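Reviewing the structure listed below.
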Amino acid sequence: QVQLVESGGGQVQPGGSLRLSCTAPDMSVSEISIGWFRRAPGQESEVVSCISSATSRTNYADSVKGRFTISRDASNNYVYLQMNELKVEDTAVYFCAAAPSYRFACLLSLGTYDYWGKGTQVTVSS
């Protein structure tokens, strides 16, 4: 079992920024590939970004490319998702997820993630 805890959600106006944080209380976030996926009402879940454990390769969905940045702070045991130029359509619950089987690259496929946290709400509205 991998426990993950997200924080940093909130409400912001279009064009604004938020930074989401993810930590694993019982292990190092450097040991496992981490992704962020979101779930909006009435829509399928979408993996928006990920970072691999062994190579720190990153991957982004087209919908967020150029606006979102994923990073890892190993010393403080966090993975961050910096979200800039937020749009109304970015509104969703965002989950941090772990993919233990993928070390050298991470995928934008939800099926590759075995564990996730409880999520944090991001609302973009004016």
Side-chain angles (χ1 to χ4, degrees):
Q1 282 286 346
V2 176
Q3 183 182 1
L4 299 166
V5 180
E6 306 95 339
S7 60
Q11 183 168 348
V12 65
Q13 293 186 343
S17 298
L18 281 174
R19 188 179 77 164
L20 305 184
S21 302
C22 170
T23 190
D26 300 325
M27 67 180 297
S28 169
V29 295
S30 297
E31 297 176 10
I32 199 164
S33 293
I34 298 288
W36 287 92
F37 73 92
R38 62 188 181 186
R39 185 179 296 157
Q43 297 184 24
E44 290 189 4
S45 296
E46 177 188 24
V47 181
V48 296
S49 184
C50 61
I51 184 166
S52 65
S53 55
T55 62
S56 295
R57 287 181 181 174
T58 58
N59 208 349
Y60 297 93
D62 288 342
S63 58
V64 306
K65 201 170 292 182
R67 299 187 298 121
F68 290 11
T69 302
I70 192 169
S71 61
R72 181 168 51 224
D73 180 351
S75 60
N76 292 304
N77 206 37
Y78 278 96
V79 171
Y80 300 110
L81 185 68
Q82 178 67 42
M83 306 186 297
N84 299 329
E85 301 175 35
L86 282 162
K87 304 176 181 180
V88 172
E89 51 264 42
D90 293 320
T91 296
V93 179
Y94 283 73
F95 299 84
C96 170
S101 301
Y102 294 81
R103 296 185 61 242
F104 296 94
C106 60
L107 302 180
L108 298 179
S109 172
L110 189 59
T112 62
Y113 297 89
D114 298 323
Y115 308 97
W116 48 89
K118 295 182 178 180
T120 184
Q121 176 70 47
V122 171
T123 302
V124 185
S125 71
S126 54

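Predicted model, so just to flag it, every value in this text is computed and none were measured.
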How far does CG of Leu18 sit from CD of Gln82, to the nearest 0.5 angstrom? 8.5 Å
Just verifying a value: how many Å separate Cys22 SG and Arg72 CZ, rounded to the nearest 0.5 Å? 11.0 Å
N/O donor-acceptor pair under 3.5 Å between Ser33 side chain and Ser53 backbone: yes
Report, as yes or no, whether the 6.0 Å neighbourhood of atom CZ on Phe68 holds more than 12 heavy atoms from other residues, nucleotides or ligands. yes
Treating Ile, Leu, Val, Met, Phe, Trp and Tyr as nodes and any side-chain heavy-atom pair under 4.5 angstrom as an edge, say whether Val29 and Trp36 lie in one connected cluster. yes
Quick check: does any side chain N or O of Thr23 sit under 3.5 Å from a backbone N or O of Val5, one acting as donor and the other as acceptor? no
If we ignore hydrogens and angles and just use 3.5 Å, is the side chain of Ser126 paired with the main-chain N or O of Gln13 as donor and acceptor? no
Do Tyr102 and Phe95 share a hydrophobic cluster (ILVMFWY, side-chain heavy atoms under 4.5 Å, transitive)? no
If hydrophobic residues (ILVMFWY) are linked whenever their side-chain heavy atoms come closer than 4.5 Å, directly or via other members, who joins Val88 in its cluster? none
So, the side chain of Thr58 versus the backbone of Cys50: is there a donor-acceptor pair under 3.5 Å, distance only? no
Is the backbone of Ile70 close enough, under 3.5 Å, to the side chain of Tyr60 for a donor and an acceptor to pair up by distance? yes
Hydrophobic cluster membership, Leu4 vs Leu81, 4.5 Å side-chain cutoff: yes
Cluster link Ile34 to Tyr78, ILVMFWY, side chain under 4.5 Å: no
What I want to check is whether the side chains of Ser71 and Asp73 have a donor and an acceptor closer together than 3.5 Å. no
Answer with yes or no whether the hydrophobic clustering places Tyr115 together with Val79; edges join I, L, V, M, F, W, Y residues whose side-chain heavy atoms lie under 4.5 Å apart. yes
Examine distances only and state if a side-chain atom of Arg67 and a backbone atom of Glu85 form a donor-acceptor pair shorter than 3.5 Å. yes
Ignoring hydrogens and angles, tell me if any N or O in the side chain of Glu6 forms a donor-acceptor pair with the backbone of Lys118 under 3.5 Å. yes
When rounded to the nearest 0.5 angstrom, what distance separates CD1 in Ile32 from CZ in Arg103? 10.5 Å
For the student: nearest non-hydrogen atoms of Pro25 and Gln3, plus distance: CD-O, 3.3 Å
Run the salt-bridge test on Asp62 and Lys65 with the 4.0 Å N-O cut-off and return the result as yes or no. yes
For Tyr113 and Leu107 the tightest heavy-atom approach is OH-O, 2.8 Å
Work out which heavy atom in Arg39 is nearest to a heavy atom in Ala92; give both atom names and the distance. O-CB, 3.5 Å
Parallel under 30°, tilted from 30 to 60°, perpendicular over 60°: which one fits the rings of Phe37 and Trp116? perpendicular
Minimum heavy-atom distance between Asn59 and Cys106, given as atom pair plus value: ND2-O, 3.3 Å
Can you list the steps and then say if Thr91 with Gln121 is a side-chain contact (heavy atoms from CB on, under 4.5 Å)? CA-CA 8 Å; Thr91 296; Gln121 176 70 47; 4.1 Å; yes
Measure across Ala105 and Arg57 and return the closest heavy-atom pair with its distance rounded to 0.1 Å. CB-NH1, 4.4 Å
For the pair Asp90 and Arg38, evaluate side-chain contact (heavy atoms from CB on, under 4.5 Å) and give the outcome as yes or no after the intermediate values. CA-CA 9 Å; Asp90 293 320; Arg38 62 188 181 186; 2.9 Å; yes
Could you give me the CA-CA distance, side-chain angles and deciding distance for Asn77 and Ser28, then say whether side-chain contact (heavy atoms from CB on, under 4.5 Å) is met? CA-CA 6 Å; Asn77 206 37; Ser28 169; 4.0 Å; yes
Is the side chain of Asp114 donor-acceptor paired with the backbone N or O of Ala98 at a distance under 3.5 Å, no angle test? no
